[in-house]
Amino acid sequence: MPDLAAPLIAWYRRNARELPWRAPSFGAWGTLVSEFMLQQTPVARVVPHLEAWLGRWPTPATLAGDPPAEAVRQWANLGYPRRALWLHRAAVEIRDRHDGVVPRDVEALLALTGIGDYTARAVAVFAYGDRHPVVDTNTRRVIARAVAGRSQPGSPAKADLVAMNALLPADDTDAAVFNAATMELGAVVCTARAPKCEACPVASMCAWRAAGYPDTGDDRRRQARYEGSDRQTRGAVLKTLRDASTHDVPQDAVIPDWPDAAQRDRAIDSLIADGLLEASGGHLRLPREV
DNA sequence: CATACGTGGAA
DNA sequence: TTTCCAAGTAT
């Protein structure tokens, strides 16, 4: 297997984008918040929200001290607002179980609400410098192409962690930079559509290129249509609550003209079930209690 | 393990 | 206009 690490590390040191979480001593809490926001949301949309968030809540304890409603409001239009709720819960767990310090251990990180295989290792590696494979969608695409000779990755699997682990340099710092470099390559060069192979530092050892860029198919499942979906309806309901000048809103006043009343009611019920809304006396509000 | 879960920019 | 895609996680 070709050694991707050396050329990728060298490329990254010259070409990495300057992003807030890459500043020296950005801090584990900042890293954790950034990773929550980056789950399925593009970098460009995250940056301003991240800075506002950390300006308001510079530590886990400060966030944990405010009601979850404030987290959901501050999340604004970043999407997947359950992440705001989960980040708040994680902050409470960090305050109560870890003395307010973001844990370093992957197992401890995995035990926090909203943190999975990717985020746990991203924090351990990027905030603390430990040696673990960090696998996101960019990494999976780079490995699929450069190593497996496929045009797109398969479905996410534990095997991805094993594959990335096998590519990791022995040195902790090199391994951390290699993780970041692989993600960066996937984000800006080895992109899902129209990859810039002429600018790729590992083109000469890329299995997909060597095979003549075959279309090996795409196992990834397509996203459901958003227009007219329950997700869109939930988004409209929650936006109404976020933007309301009062904390309580009469339920009848929430998207009253939505084309499908049953869909609206279903959205409200599911938001309550998820803990993103509370109902009380015919009114709705963002969650006051953890 | 397949599915639900927001939002907006680019092709 | 429609489709694709974005530093995933929980159930």
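Below, each value reflects all heavy atoms present in this structure, side chains not excepted, and no hydrogens, waters or symmetry copies. Below, read A as the first sequence line, B as the second, and so on, with proteins coming before strands; counting in each chain starts at 1.
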Item to complete: Classify the side chain of A:Arg45 and the base of B:dG8 as holding, or not holding, a donor-acceptor pair under 3.5 Å.
Response: no
Fill in: Criterion side chain to side chain donor-acceptor pair (under 3.5 Å) on A:Arg56 and A:Gln74, from CA distance to verdict
CA-CA 9 Å; A:Arg56 181 172 181 181; A:Gln74 184 72 36; 2.9 Å; yes
Worksheet entry | Euclidean distance for C1', B:dC1 against C:dT9 (whole angstrom) | 14 Å
Worksheet item: So does A:Gln223 reach the base of C:dA6 with its side chain, donor to acceptor, closer than 3.5 Å?
Response: yes
Worksheet item: To the side chain of A:Ala192, which of C:dA7, C:dA6, B:dT7 is closest?
Response: C:dA6
Practice prompt. Looking at every strand, decide which applies to A:Phe36 at a 4.0 Å heavy-atom threshold: base, sugar-phosphate, or nothing.
Written response: nothing
Discussion item. Rounding to an integer number of angstrom, what distance separates B:dC5 and C:dC5 when you compare their C1' atoms?
Written reply: 15 Å
Item to complete: For residues A:Thr182 and A:Tyr12, determine if any side-chain heavy atom of one lies less than 4.5 Å from a side-chain heavy atom of the other.
Response: no
Practice prompt. Quick one: label A:Arg220 by what it contacts on the DNA or RNA (base, sugar-phosphate, nothing), any heavy atom closer than 4.0 Å.
Written response: sugar-phosphate
Item to complete: Assess the side chains of A:Trp258 and A:Gln263: does a donor N or O sit below 3.5 Å from an acceptor N or O?
Response: yes
Worksheet item: Taking CG from A:Asp117 and C1' from C:dA10, how many angstroms apart are they, rounded to a whole number?
Response: 12 Å
Worksheet item: Reckon A:Thr191 touches a base, only the sugar-phosphate, or nothing at all at heavy-atom distances under 4.0 Å?
Response: nothing
Discussion item. Pick the closest DNA chain C nucleotide for A:Arg222 and for A:Gly186 by heavy atoms, then say which residue is nearer the 5' end.
Written reply: A:Arg222
Fill in: Exercise: do A:Thr233 and A:Asp230 side chains pair donor with acceptor under 3.5 Å
no
Worksheet item: A:Arg140 has an atom CZ; how far is it from atom C1' of C:dC5, in whole Å?
Response: 13 Å
Discussion item. Can you see if the side chain of A:Thr139 gets near the phosphate of C:dA7 - specifically, an N or O under 4.0 Å from OP1 or OP2?
Written reply: no
Worksheet item: Would A:Leu54 and A:Phe26 satisfy side chain to side chain contact (heavy atoms under 4.5 Å, CB included), going step by step from the backbone distance to the final call?
Response: CA-CA 11 Å; A:Leu54 293 174; A:Phe26 187 63; 3.6 Å; yes
Worksheet item: With distance as the sole criterion, do the side chain of A:Thr41 and the base of B:dG6 form a donor-acceptor contact below 3.5 Å?
Response: yes
Item to complete: Indicate, with a heavy-atom threshold strictly under 4.0 Å, whether A:Arg141 touches base, sugar-phosphate, or nothing.
Response: sugar-phosphate
Item to complete: Have a look at A:Ser34 and say if it touches a base, only the backbone sugar-phosphate, or nothing, with a 4.0 Å heavy-atom cut-off.
Response: nothing
Response to the item:
Walking DNA chain C from its 5' end, the first of A:Glu35 and A:Leu112 to be reached, judged by nearest nucleotide, is A:Glu35
Practice prompt. Using a 4.5 Å cut-off on heavy atoms from C-beta on, say whether the side chain of A:Trp21 contacts that of A:Val33.
Written response: no
Worksheet item: For the pair made of CG in A:Leu109 and P in C:dG8, what is the distance, rounded to whole Å?
Response: 17 Å
Discussion item. With rounding to the closest Å, how many angstrom separate the C1' atoms on C:dT11 and B:dT7?
Written reply: 23 Å
Worksheet item: For the side chain of A:Arg242, counting heavy atoms from C-beta on, which of B:dG6, C:dG8, B:dT7 is nearest?
Response: B:dT7
Worksheet item: Which whole-number value in Å describes the distance from A:Leu19 CG to C:dA6 C1'?
Response: 14 Å
Item to complete: Write down the distance separating the P atoms in C:dA7 and B:dA11, rounded off to the nearest Å.
Response: 15 Å
Item to complete: May I ask you to say what A:Arg221 touches in the nucleic acid, namely base, sugar-phosphate or nothing, with a heavy-atom cut-off under 4.0 Å?
Response: base
Worksheet item: So which of residues 71-89 of chain A are in contact with DNA chain B, with a heavy-atom cut-off of under 4.0 Å?
Response: A:Asn77, A:Leu78, A:Gly79, A:Tyr80, A:Pro81, A:Arg82, A:Arg83
Worksheet entry | A:Leu276 and A:Leu241: CA distance, side-chain angles, deciding distance, side chain to side chain contact (heavy atoms under 4.5 Å, CB included) verdict | CA-CA 10 Å; A:Leu276 282 163; A:Leu241 272 291; over 6 Å; no
Practice prompt. Round to the nearest Å and state the distance from A:Met37 atom CE to C:dT9 atom P.
Written response: 16 Å
Worksheet item: Between B:dG6 atom P and A:Leu241 atom CG, what is the distance in whole Å?
Response: 14 Å
Worksheet entry | Pairwise 5' ranking along DNA chain B for A:Pro42 and A:Asp274, keeping only the more 5' one | A:Asp274
Worksheet item: Do A:Val202 and A:Leu185 come within less than 4.5 Å of each other through their side chains, counting heavy atoms only?
Response: yes
Practice prompt. Report yes if some heavy atom in the side chain of A:Tyr118 is under 4.5 Å from a heavy atom in the side chain of A:Val134; otherwise report no.
Written response: yes
Response to the item:
Which of C:dT9, C:dC5, C:dA7 is nearest the side chain of A:Asp136? It is C:dA7
Practice prompt. In whole angstrom, give me the gap between the C1' atoms of B:dG6 and C:dC4.
Written response: 15 Å
Worksheet item: For A:Gln39 and B:dG6, what is the distance between atoms CD and P respectively, to the nearest whole Å?
Response: 13 Å
Discussion item. From CG of A:Leu271 over to C1' of B:dA4, roughly how many Å is that when rounded to an integer?
Written reply: 13 Å
